[in-house]
Colleague: 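I am attaching a structure below and will ask some questions about it afterwards.
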Amino acid sequence: MLSRLMSGSDRSLDREFNCTVRLLDDSEYTCTVQRDAKGQWLFEQVCQHLNLLEKDYFGIRFVDPDKQRHWLECSKAITKQMRSQPPYTMCLRVKFYPPDPAALKEEITRYLVFLQIKRDLYHGRLLCKSSDAATLAAFILQAEIGDYDPGKHPEGYSSKFQFFPKHSERLEHRIAEIHKSELIGLSPETAELNFLKKAQTLETYGVDPHPSKDVSGNAAFLAFTPFGFVVLQGNRRIHFLKWNEVTKLKFEGKTFHIYATHQEDQKIILTYFAPTPEACKHLWKCGVENQAFYQFEKSSQVRTVSSSNLFFKGSRFRYSGKVAKEVMEQSAKIRREPPEIHRAGLVPSRSCPSITHGPRQSSVPRTRRRAVHISIMEGLESLRDSGHSTPVRSVSNGNSFLRSYGNGAEGGHGTAEFSEDSYSPSDSVLPTPVSNDPSDLAQVRHTNGPRRNQEEGGTELCTQKQERPQGVKPKGKRSQLEKTRPTQHGPEEGVNQVISSLARLFLVTLALLFALLLLLIVLTESELDLAFLRDIRRTPEFQQFHYEYFCPLRRWLACKLRWMGGHLINK
């Protein structure tokens, strides 16, 4: 009896497992999950724990054993998406950034988006000029510690907070000045709302960067925002395509293609290479989901998309949630008392130390920092559209390339740089893998021609600029004209793709015909007395086909074979 009870308890344990979800304030929510539970069940549990109704902007993210990030799909079982054994640890993150975060219905939603953007600011995903950076940091201070109090906040108090990857003393003083003089009396919710309004105006708002390489082997970051698809390379935004301009997203192996219709109905194709095939598939699925969420009017308009032009090749995926317009309409119908918000305050944070009292981080000595202001946030300028440095293949004319120029808010056409260093976002919790196989790099180098020397470390795929004396020209590097000159692509690539697709179609057709022929022979010539074969043979249609078509054809083929055999023997 005792052994039977123990075996029953073991079986119940096998049907359940523990799952921990790390929330945006770095607290943790742990629950027991049935083995056949779907992702929607876990997501609903987390939203219920947070008392969150505007939940369609959020998602649960996890990392597989290969350090590849994934979004948990609500329509699939949790265990079928995992490649490791329980217990599982996941993270709640903003999946679709609101186009206007200040227009969100409930304060709890705005607070969670505020935590996400504060995290983006710390990890270097949200970049801005120094004046905007000081304003954003001051809003964070006001939201977390309240009004300036000389008794509680001694001189240099802002230096004990880490808002950015790196920052200088000059920026710290400016943050403290704004906090002391301009934000007195603002409640935490008002400071957070002003923070969201300011962050929404920045051109890197909503950027979740995916590291990649262009056709020349240069590092780039691809991202999907509420307003379209962007490419960040070096310290510039080199591409921006609105969602209504993007016509198709496709991937094959590590290669990711973006098809778009640009100005004057001219079609363009952008090609990039992800670190791994899994990273490329994740990039494609993120693009498909973001385009469906922001572009369509209704979720019923969303269709299943394929990663390939042929039905029998590639991956198929369909976004199954609500779209942005439906989410806004549903939010407008919310009628309840605002839920109580438990703000994190000065609770230590694992990945966003802006709310800790630890010393700020810096890469140079304090005395040198004053002289050179090497901080990444000092000297930041507004990020604008600039001339393409990546070749764009034109579909309408195979020998021509497009170069689009930005039309930013100020109407400037020059190249705008947002930092002295390369764009290098980091995420200490959820890294993206980088292939270390030399053969992969050699393949990219062989396919795309010579590439620049670059240092790759961890998850950062960015070209590090080296300091050199003023007036000394760099040696061994191409001129700026050579860097921006597009590589010529002939029509052979398109012809080869068409031929390979036709060849695959021909082979699949032959295989289907061969399978049908085998089935026909089994039906007509074999003596197998299986149930489904017997039912087919008894149908009037099969009997008519057998006596009127198949038997005459068999006699004709036998006659021809006997004639050919006699002809060969006589010779």
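This is a predicted model, so every value here is computed, not measured. Sequential numbering from 1 along the given sequence is applied to the chain's residues.
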Colleague: Can you confirm whether more than 12 heavy atoms, excluding those of Lys285, are under 6.0 Å from its NZ atom?
Modeller: yes
Colleague: How would you list, by chain and number, every residue that makes a side-chain contact (heavy atoms from CB on, under 4.5 Å) with Gln81, sequence neighbours excluded?
Modeller: Phe62, Leu72, Glu73, Lys76
Colleague: Using a strict 4.0 Å threshold on nitrogen-to-oxygen distance, state whether Glu245 and Lys242 make a salt bridge.
Modeller: no
Colleague: To check you understand the geometry: which heavy-atom pair defines the closest contact between Ala138 and Leu183, and what is its length?
Modeller: O-CD1, 3.4 Å
Colleague: Do the side-chain N and O atoms of Gln142 and Asp147 include a donor-acceptor pair separated by under 3.5 angstrom?
Modeller: yes
Colleague: Does the gap between the ring centers of Phe163 and Phe139 come in under 6.0 Å?
Modeller: no
Colleague: Among all residues two or more places apart in sequence or in another chain, which pass the salt bridge (charged side-chain N to carboxylate O under 4.0 Å, His left out) test with Arg110?
Modeller: none
Colleague: Given side chains that start at C-beta, do those of Trp71 and Cys286 come closer than 4.5 Å, heavy atoms only?
Modeller: yes
Colleague: Angle between ring planes, Phe227 versus Tyr205, binned at 30° and 60°: parallel, tilted or perpendicular?
Modeller: tilted
Colleague: Let's go through Asp64 and His70 carefully: what are the C-alpha distance in whole Å and the side-chain angles of both, what is the deciding distance for side-chain contact (heavy atoms from CB on, under 4.5 Å) to 0.1 Å, and is it a yes or a no?
Modeller: CA-CA 8 Å; Asp64 65 19; His70 301 274; 2.9 Å; yes
Colleague: Which heavy atom of Ile78 sits nearest to which heavy atom of Val33, and what is that distance?
Modeller: CD1-CG1, 3.9 Å
Colleague: Run the numbers on Gln45 and Gln48 for side-chain contact (heavy atoms from CB on, under 4.5 Å), then give the verdict.
Modeller: CA-CA 5 Å; Gln45 293 296 313; Gln48 184 178 358; 4.2 Å; yes
Colleague: Calculate, to the nearest 0.5 Å, the distance between atoms OH and NE2 belonging to Tyr111 and His342 respectively.
Modeller: 10.5 Å
Colleague: Judged by atom type as modelled, is there a donor-acceptor pair below 3.5 Å linking the side chain of Glu28 to the main-chain atoms of Val21?
Modeller: no
Colleague: Side-chain contact, heavy-atom cut-off 4.5 Å: His49 with Val46?
Modeller: no
Colleague: Please report the shortest heavy-atom distance between Glu326 and Ser299, naming the atom on each side.
Modeller: OE2-N, 3.0 Å
Colleague: Just to verify, which of Gln330, Met328, Lys95 counts as forming a side chain to side chain contact (heavy atoms under 4.5 Å, CB included) with Asp56?
Modeller: Gln330
Colleague: Given the rule in the side-chain contact (heavy atoms from CB on, under 4.5 Å) test, do Leu127 and Leu202 qualify, once you have shown the distances and angles that lead to the verdict?
Modeller: CA-CA 8 Å; Leu127 294 185; Leu202 303 177; over 6 Å; no
Colleague: Without swapping roles, check the side chain of Gln295 against the backbone of Ala292 for a donor-acceptor pair under 3.5 Å.
Modeller: no
Colleague: Could you go through Arg174 and Ile178, starting from their C-alpha distance and side-chain angles, then the distance that decides it, and tell me whether this counts as side-chain contact (heavy atoms from CB on, under 4.5 Å)?
Modeller: CA-CA 6 Å; Arg174 179 57 184 157; Ile178 297 176; 3.7 Å; yes
Colleague: Under 4.0 Å between a Lys/Arg side-chain N and an Asp/Glu carboxylate O for Arg343 and Glu192?
Modeller: yes
Colleague: Within a strict 4.5 Å, meaning less than it, do heavy atoms of the Ile145 and Phe161 side chains meet?
Modeller: yes
Colleague: To check you understand the geometry: which heavy-atom pair defines the closest contact between Asn51 and Ile108, and what is its length?
Modeller: O-CG2, 4.2 Å
Colleague: Is the backbone of Glu172 close enough, under 3.5 Å, to the side chain of Ser158 for a donor and an acceptor to pair up by distance?
Modeller: yes
Colleague: When you measure from the side chain of Thr109 to the backbone of Lys105, do you find a donor-acceptor pair of N or O atoms at a distance under 3.5 Å?
Modeller: no
Colleague: Regarding Thr30 and Thr20, do their side chains bring together a donor and an acceptor under 3.5 Å, going by distance alone?
Modeller: yes
Colleague: Please confirm whether the backbone N or O of Cys128 pairs with a side-chain atom of Asp132, one donor and one acceptor, at under 3.5 Å?
Modeller: no
Colleague: Quick check: does any side chain N or O of Thr204 sit under 3.5 Å from a backbone N or O of Val207, one acting as donor and the other as acceptor?
Modeller: no
Colleague: Answer yes or no: is there a donor N or O on one side and an acceptor on the other, between the side chain of Tyr122 and the main chain of Arg125, under 3.5 Å?
Modeller: no
Colleague: Ignoring hydrogens and angles, tell me if any N or O in the side chain of Thr190 forms a donor-acceptor pair with the backbone of Leu186 under 3.5 Å.
Modeller: no
Colleague: Which distance, rounded to the nearest 0.5 Å, do you find between the CG of Asn194 and the CD of Glu189?
Modeller: 11.0 Å
Colleague: Kindly determine whether Phe96 and Tyr319 satisfy ring-ring contact (aromatic ring centres under 6.0 Å, His included), including the steps that lead there.
Modeller: CA-CA 13 Å; Phe96 303 110; Tyr319 171 65; 5.8 Å; yes
Colleague: For the residue pair Phe43 and Leu92, establish whether any side-chain heavy-atom pair is separated by less than 4.5 Å.
Modeller: yes
Colleague: Does the ring center of Phe224 lie less than 6.0 Å from the ring center of Phe229?
Modeller: yes
Colleague: Ring-plane angle category for Tyr294 and Trp243, please: parallel below 30°, perpendicular beyond 60°, tilted otherwise.
Modeller: parallel
Colleague: Under a 4.5 Å cut-off applied to non-hydrogen side-chain atoms, are Val231 and Arg237 in contact?
Modeller: no
Colleague: Under 4.0 Å between a side-chain nitrogen and a carboxylate oxygen: does that hold for Asp208 and Arg61?
Modeller: yes
Colleague: Working to the nearest 0.5 Å, report the span between OH of Tyr157 and CG of Asp149.
Modeller: 10.5 Å
Colleague: Starting at OH of Tyr88, measure out to CZ of Phe17 and round the result to the nearest 0.5 Å.
Modeller: 5.5 Å
Colleague: Is His179 reaching over with its side chain to a backbone N or O of Ile175, donor-acceptor style, under 3.5 angstrom?
Modeller: no
Colleague: Could you tell me the separation between the SG atom of Cys47 and the CG atom of Leu53, rounded to the nearest 0.5 Å?
Modeller: 9.0 Å
Colleague: Using side-chain heavy atoms (C-beta onward) and a distance below 4.5 Å, is Met82 in contact with Met90?
Modeller: yes
Colleague: Check for a donor-acceptor pair, side chain of Ser27 on one end and backbone N or O of Leu23 on the other, with a separation under 3.5 Å.
Modeller: no
Colleague: Would you check if there is a donor-acceptor pair between the side chains of Asn218 and Gln233 at a distance under 3.5 Å?
Modeller: no
Colleague: If you take all heavy atoms of Gly287 and Leu249, which pair is closest and at what distance?
Modeller: C-CD1, 3.4 Å
Colleague: Using 4.0 Å as the upper bound for N to carboxylate O, is an ion pair formed by Arg119 and Asp25?
Modeller: no
Colleague: Would you call Pro226 and Phe293 a side-chain contact if the rule is heavy atoms closer than 4.5 Å?
Modeller: no
Colleague: Under 6.0 Å from the NZ atom of Lys281, do we count more than 12 heavy atoms belonging to anything else shown?
Modeller: no
Colleague: Output the distance between atom OG (Ser331) and atom CG (Leu104), rounded to the nearest 0.5 Å.
Modeller: 7.0 Å
Colleague: Do the numbers put Lys180 on top of the ring of Tyr148, so that NZ or CZ is under 6.0 Å from the six-membered ring centre and no more than 45° off the axis?
Modeller: yes
Colleague: Can you tell me if Tyr97 and Asp120 form a side-chain donor-acceptor pair at under 3.5 Å?
Modeller: yes
Colleague: In this structure, which one of Glu54, Glu106, Glu107 forms a salt bridge (Lys or Arg N to Asp or Glu O under 4.0 Å) with Arg336?
Modeller: Glu106
Colleague: Is any side-chain heavy atom of Gln200 closer than 4.5 Å to a side-chain heavy atom of Leu196?
Modeller: no
Colleague: I need the minimum non-hydrogen distance between Phe296 and Val302, along with the two atoms involved.
Modeller: CD1-CG2, 3.9 Å
Colleague: I want to check a possible cation-pi pair here: Arg93 against Phe58, using under 6.0 Å from ring centre and within 45° of the ring axis as the test.
Modeller: no
